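Being a predicted model, the structure only gives us computed values, none of them experimental.
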Amino acid sequence: VRVVGTAPATTGTASVDSFTVNSNNFIVTISALTNPSFCSGDSVRLQNVTGGNYTGYQWLLNNVAIVGATSDHYYATQGGQYRLALSNACVTDTSAILVVVVNASPVMTVTGDTLICIGDNSGLTASGPNQNHYRWAPPSTLSDTNSQNVIATPTIQTTYTVTGMNINGCSGTASITVHVNPLPAV
């Protein structure tokens, strides 16, 4: 853990989601209120948990000040190394680094027959990187709702949607519409 501040650091400790640096008897601590690893499109609230009489706050991302991020908390939407600089009339102290990781949501695709005759079926296959779980809807005309490969037997035009979840708990969706033609007259 690297500590930066206007006064020399005297001690430093770190844990998974909270970091503390002591400097001239001021303790600067920031914490993520939830897991600092999340899916793209989400955010995590970073919070100053330092006591004391600080009047100035500036959040930093990769050692660059974040424009407008001047309160005791910040909603991080990007990955990187976050720090908080606190100041008062006497001193400016900066927290240790809190690493935020943004996991990519998977890009899902669905393939299968999109035109069938009534009474026929369409094999549908979901694809996406590192998928662990699948959930298909609507379930009423599907052979299974939790597999990568399912058989659809619609009697009318139906749009099927699959949601895939990867090992990081991030999800993506894709849809396919199966059109149903009536049987030809004999």
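With rounding to the nearest 0.5 Å, the separation of OG1 in Thr77 from CG in Asp42 is 10.5 Å. Atom CG of Leu84 is separated from atom CD1 of Ile97 by 13.5 Å, given to the nearest 0.5 angstrom. A distance of 11.5 Å separates CG of Asp72 from CG of Leu46, quoted to the nearest 0.5 Å.
For the side-chain hydrogen bond (donor to acceptor under 3.5 Å, both in side chains) test, no residue two or more places apart in sequence or in another chain qualifies with Tyr74. For Ser105, the side-chain hydrogen bond (donor to acceptor under 3.5 Å, both in side chains) partners two or more places apart in sequence, or in a different chain, are Ser40. Among residues two or more places apart in sequence or in another chain, the side-chain hydrogen bond (donor to acceptor under 3.5 Å, both in side chains) test is passed with Ser147 by Asp144. Residues forming a side chain to side chain contact (heavy atoms under 4.5 Å, CB included) with Val101 (at least two apart in sequence, or on another chain): Ser37, Val99, Asn103. The side chain to side chain contact (heavy atoms under 4.5 Å, CB included) test applied to Ala65 returns Gln58, Leu60, not counting sequence neighbours. With sequence neighbours excluded, the residues forming a side chain to side chain contact (heavy atoms under 4.5 Å, CB included) with Pro138 are Thr158, Tyr160, listed by chain and number. Partners of His133 according to the ring pair (Phe, Tyr, Trp, His ring centres under 6.0 Å) rule, which considers only residues two or more places apart in sequence or in another chain, do not exist here.
Met165 and Phe38 are assigned to two separate hydrophobic clusters, defined by single-linkage of ILVMFWY side chains at heavy-atom distances under 4.5 Å.
For the pair Tyr134 and Met108, the tightest heavy-atom approach, listed with the atom from each and the gap, is CE2-CE, 3.9 Å. Closest approach of Trp136 to Val162, counting heavy atoms only: CE2-CG2, 3.6 Å. The two residues Gly79 and Leu61 have their closest heavy-atom pair at O-CD1, 4.0 Å. Across every non-hydrogen atom of Arg45 and Tyr75, the tightest pair is NH1-OH, 3.3 Å. Closest approach of Cys39 and Val102 over heavy atoms only: C-CG1, 4.1 Å. When all heavy atoms of Ala85 and Thr94 are compared, the pair lying nearest together is CB-OG1, 3.9 Å.
For residues 99-155, there are no disulfide (SG to SG under 2.5 Å) pairs, not counting sequence neighbours.
Side-chain contacts under 4.5 Å among hydrophobic residues (ILVMFWY), followed directly or transitively, place Val64 with no other residue at all. Think of Val107 as one node in a network of Ile, Leu, Val, Met, Phe, Trp and Tyr side chains linked at under 4.5 Å; it has no links at all.
Of the possible polar contacts, one joining the Trp59 side chain to the Ser71 backbone as a donor-acceptor pair under 3.5 Å is found.
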Let me have the donor-acceptor pairs involving side chains of residues 119-127, under 3.5 Å, with sequence neighbours excluded, atom names and distances please.
unit_1: Ser122; atom_1: OG; unit_2: Asp113; atom_2: N; d: 3.1
unit_1: Ser122; atom_1: OG; unit_2: Asp113; atom_2: O; d: 2.7
unit_1: Thr125; atom_1: OG1; unit_2: Asn149; atom_2: OD1; d: 2.9

Would you list the atom pairs, donor with acceptor, under 3.5 Å between side chains in residues 168-186 and any protein atom, with sequence neighbours excluded?
unit_1: Ser175; atom_1: OG; unit_2: Thr161; atom_2: OG1; d: 2.9
unit_1: Thr177; atom_1: OG1; unit_2: Thr159; atom_2: OG1; d: 2.8
unit_1: His179; atom_1: ND1; unit_2: Gln157; atom_2: OE1; d: 2.9

May I have the step-by-step check of side chain to side chain contact (heavy atoms under 4.5 Å, CB included) for Gln78 and Val100, ending in yes or no? CA-CA 7 Å; Gln78 327 176 34; Val100 171; over 6 Å; no
